[in-house]
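Notes for the one structure printed next.
The chains referred to below are lettered A, B, ... by the order of the sequence lines, with proteins before strands, and numbering in each begins at 1. None of these values were measured; they are calculated from a predicted model.
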Number of protein chains: 2
Amino acid sequence: MMRQGQNKKSRLQDAAKDVIHERGYERTRITDIAERAGVDAGSVYYYFKTKESFGTAVIDSLAKHYSALLEQAGLQPGPRKRINAFIQMVMDKRVLLAQHGCPVGGLCSELRKTAETVDLAQRASEVFREILDWLERQLRELGKAKDARILAEHVLCVLQGAALLAHSFDNPRHLQTQGRRLQRLILNL
Amino acid sequence: MMRQGQNKKSRLQDAAKDVIHERGYERTRITDIAERAGVDAGSVYYYFKTKESFGTAVIDSLAKHYSALLEQAGLQPGPRKRINAFIQMVMDKRVLLAQHGCPVGGLCSELRKTAETVDLAQRASEVFREILDWLERQLRELGKAKDARILAEHVLCVLQGAALLAHSFDNPRHLQTQGRRLQRLILNL
DNA sequence: GTCTATATGTGGATAGAC
DNA sequence: GTCTATCCACATATAGAC
């Protein structure tokens, strides 16, 4: 019988995703995660042997999350609407993004910097890769074969830059204005 | 007689700027900085009472650095050339930026997240503010009064996003391609 | 599976001799 | 001004009783 166990494990994983997003990887303590999950601090190591295993769990969870977003945006008719739906999804999270930054970008930027955490960073950057591939596919459908990749990278750059500025100034406006600008660009493509 | 003192202090400040850029604020130890500066670890606290004081010193140093860059770019004849000179300066640092990310963006993103370090993050974001103001002034000279601010933000977003992608994938190419794209945009304005 | 107690290691910071 | 020794707080992780 591990019913309760699975429940606690997923509660810990969800809590880790939130707390690490809010505080960054390095500054979140295992006890922070336990507290957020409502799990006794002593029990944590039964589910996650190391702090790093929390990191991979969180990144895998983010990967799934963005996969689902892309899949949902893919339901729109036509590549323009699909791309703009994705941009809109990011804009809709602008308040949260201004508060804590982009969870993927934050992890990439924090974890790339040190040898002990590069593998985590690499795993996180795969989320970017998947988004870029998806965007590129949509742009190819639009007949932008020649510079589909660079355009895809442009879209992600603007979104990530806007998230960073919004976070730095604690102001969601940047995501609003740059997102709109981006949507206009896509429509005129 | 504080000749040697001033020397050591500035060596520590320079070392801090480099090491914090490379490892991030949280993961750099005071001893890392001392070692890099070639200063005995015990002497450090004579010059910098706390780790936070290293943070402010580094940010002030970055602020001066970017001020100087903007001033130099400002020597170009005409706002288009001035903006593109600044973009070029960023592109010229693409290898370093891919290795360790943008020092300003990295600090903003890392330090915003926790109450103990928000003041440092705020100070760091002032560097962004200065760049945005400078860009906006150039764009106004170009007659873009109506959306000069949003265009300025767009330029910084693309550069920061490109730096983040370059860092995440450890590949300076993103700064190259997005920088070029941005320069073309400015010329066609 | 859960919780208490604790080991272990580390990093920021201080006291004080020189 | 410089360096040694050390304090202290804290965070990851383990051992082991229940």
Side-chain angles (χ1 to χ4, degrees), chain A residues 1-59 107 110-111 113-120, chain B residues 1-59 107 110-111 113-120:
Chain A
M1 186 71 67
M2 52 164 49
R3 177 86 54 84
Q4 176 67 349
Q6 285 295 11
N7 181 26
K8 279 199 182 180
K9 178 157 185 167
S10 73
R11 257 162 54 213
L12 282 167
Q13 185 165 346
D14 290 348
K17 196 176 69 170
D18 290 345
V19 180
I20 288 177
H21 183 202
E22 293 168 16
R23 301 183 48 94
Y25 179 80
E26 197 61 31
R27 288 195 68 114
T28 85
R29 294 164 288 245
I30 307 277
T31 53
D32 293 333
I33 298 171
E35 191 180 0
R36 181 73 61 98
V39 168
D40 187 280
S43 303
V44 171
Y45 285 92
Y46 178 77
Y47 299 101
F48 293 90
K49 307 299 175 210
T50 64
K51 185 177 180 178
E52 195 183 352
S53 70
F54 270 113
T56 65
V58 164
I59 292 165
L107 286 176
E110 182 182 5
L111 300 175
K113 292 184 161 49
T114 132
E116 298 91 324
T117 48
V118 253
D119 25 331
L120 280 178
Chain B
M1 184 75 66
M2 51 162 51
R3 177 86 53 85
Q4 176 66 348
Q6 285 295 9
N7 183 26
K8 279 199 183 180
K9 177 156 185 167
S10 74
R11 258 160 56 212
L12 282 167
Q13 184 165 345
D14 291 347
K17 196 175 68 172
D18 291 344
V19 181
I20 288 176
H21 183 201
E22 293 167 16
R23 300 182 49 92
Y25 179 81
E26 197 62 29
R27 286 195 70 112
T28 88
R29 296 164 284 244
I30 306 278
T31 54
D32 293 333
I33 298 172
E35 191 180 0
R36 180 73 61 99
V39 167
D40 186 280
S43 303
V44 171
Y45 286 93
Y46 177 77
Y47 299 101
F48 293 90
K49 308 300 173 209
T50 64
K51 185 176 183 180
E52 195 184 351
S53 70
F54 270 113
T56 64
V58 165
I59 292 165
L107 287 176
E110 182 182 5
L111 301 175
K113 291 183 161 50
T114 127
E116 298 91 323
T117 48
V118 255
D119 24 333
L120 280 178

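Applying the 4.0 Å criterion to OP1 and OP2 of C:dC3, one finds that A:Tyr45 has every side-chain N and O outside that range. Applying the 4.0 Å criterion to OP1 and OP2 of C:dG12, one finds that B:Lys49 has every side-chain N and O outside that range. Within the structure, every side-chain polar atom (N or O) of A:Tyr46 is placed at least 4.0 Å from both OP1 and OP2 of C:dT2. The shortest distance between the side-chain N/O atoms of B:Ser43 and the OP1/OP2 oxygens of D:dC3 is below 4.0 Å.
Protein atom NZ of A:Lys9 is 10 Å distant from nucleotide atom P of C:dG1, rounded to whole Å. The separation between B:Glu52 atom CD and C:dA13 atom C1' is 14 Å, rounded to whole Å. Rounded to a whole Å, the CD atom of B:Glu116 is 17 Å from the P atom of D:dA9. When the C1' atom of D:dA5 is taken as reference, atom CG of B:Asp40 falls 12 Å away, rounded to whole Å. Taking atom CG of residue B:Asp32 and atom C1' of nucleotide C:dG12, one finds them 13 Å apart after rounding to whole Å. Here the C1' atom of nucleotide C:dA13 and the CZ atom of B:Phe54 are 12 Å apart, to the nearest Å.
Which of C:dG11, D:dA13, C:dA13 sits closest to the side chain of A:Lys51 comes down to D:dA13. Relative to the side chain of A:Arg29, the nucleotides D:dA13, C:dG1, D:dT12 differ in distance, and D:dT12 lies closest.
If you check the side chains of B:Glu52 and B:Thr50, you find no donor sitting under 3.5 Å from an acceptor.
DNA chain D is contacted by both A:Ile30 and A:Gly42; A:Ile30 maps to the nucleotide lying nearer its 5′ end (nearest heavy atom per residue).
A salt bridge links A:Arg29 to A:Asp32: one of the charged nitrogens lies within less than 4.0 Å of a carboxylate oxygen. At a threshold of 4.0 Å, the pair A:Lys113-A:Glu26 does not count as salt-bridged, since none of the basic side-chain nitrogens sits closer than that to a carboxylate oxygen.
Taking the centre and axis of the six-membered ring of B:Tyr46, the NZ or CZ atom of B:Lys9 falls outside the cone set by 45° and 6.0 Å.
Nearest approach of B:Thr28 to B:Val19, heavy atoms of both residues: CG2-O, 3.5 Å.
Within 4.0 Å (heavy atoms only), B:Thr28 reaches sugar-phosphate atoms of the nucleic acid but no base atom.
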